[in-house]
Amino acid sequence: MDNYEEKGIYKGRCNFTACTSGKPATWYHFSTQCYYCEDCATELNRANKNEALGLYGHDLLVPILRAHFPDREAEVQDELSHYDAGRD
């Protein structure tokens with residue numbers, strides 16, 4: 001997976017430029033709207049916990065476990081909406 005186009009997409013390369021994990025990007029970042037690997041997501045969540053809780057009411061990055069294909073966009077958006085439900 002060396003294509004630049006696969007960076008930051010679900011199950012593509014992690015969007016964090018310095019990432020060396022080689023793990024697939026399956027964690028959604030609410031601010032950048034891109035995907036990150038579990039290792040980078042964990043570190044980003046740790047570094048931004050208080051700010052994210054204030055802005056979103058949950059971690060900045062959340063795991064997306066379902067496959068993300070164009071014909072299943074509604075499923076992914078539904079899964080993400082569960083995180084936003086408690087913000088109001």
Side-chain angles (χ1 to χ4, degrees):
M1 273 198 236
D2 291 326
N3 289 340
Y4 180 78
E5 294 82 26
E6 293 177 344
K7 182 178 178 182
I9 64 169
Y10 184 75
K11 290 193 176 178
R13 288 183 21 243
C14 178
N15 198 53
F16 191 62
T17 303
C19 179
T20 59
S21 79
K23 294 179 180 178
T26 57
W27 286 62
Y28 181 77
H29 190 298
F30 278 86
S31 181
T32 66
Q33 299 180 348
C34 291
Y35 292 86
Y36 293 73
C37 74
E38 181 178 9
D39 294 353
C40 292
T42 300
E43 289 302 315
L44 288 167
N45 278 339
R46 188 174 299 136
N48 296 288
K49 188 147 203 83
N50 292 333
E51 184 178 0
L53 288 174
L55 289 171
Y56 304 108
H58 54 74
D59 284 335
L60 185 59
L61 293 96
V62 297
I64 302 300
L65 304 176
R66 296 182 181 146
H68 182 202
F69 298 100
D71 61 331
R72 296 178 72 185
E73 182 68 28
E75 282 183 68
V76 173
Q77 292 307 317
D78 181 56
E79 190 167 330
L80 291 173
S81 72
H82 294 331
Y83 288 97
D84 287 332
R87 284 182 59 195
D88 298 328

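In this chain, numbering begins with 1 at the start of the sequence shown. Since we're looking at a predicted model, the values are computed, not measured.
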So which heavy atom on Trp27 is nearest to which on Cys37, and how close?
CD1-C, 4.2 Å
Any heavy-atom pair between the side chains of Arg13 and Tyr35 that's under 4.5 Å?
no
Does any part of the side chain of Asp39, heavy atoms only, come nearer than 4.5 Å to the side chain of Cys19, both counted from C-beta?
no
Should Tyr28 and Leu53 be regarded as members of a common hydrophobic cluster, given that ILVMFWY residues are connected when their side-chain heavy atoms come within less than 4.5 Å of each other, either directly or indirectly?
no
Non-neighbouring partners of Glu43 that pass salt bridge (charged side-chain N to carboxylate O under 4.0 Å, His left out), sequence neighbours left out:
Arg46
Just to verify, what does Thr17 make a side chain to side chain donor-acceptor pair (under 3.5 Å) with, not counting sequence neighbours?
Lys7
Rounded to the nearest 0.5 Å, how far apart are CG of Leu44 and CG of Leu61?
5.5 Å
Output the distance between atom CG (Asn50) and atom CG (Leu60), rounded to the nearest 0.5 Å.
12.5 Å
Does any non-hydrogen side-chain atom of Phe30 lie less than 4.5 Å from one of Asp59?
no
For Asn48, check side chain to side chain donor-acceptor pair (under 3.5 Å) against everything at least two apart and list the hits.
none
Looking only at atom types and distance, does a side-chain atom of Tyr10 sit under 3.5 Å from a main-chain N or O of Ile64, one as donor and one as acceptor?
yes
Flag side-chain contact, heavy atom, 4.5 Å: His29 against Asn15:
no
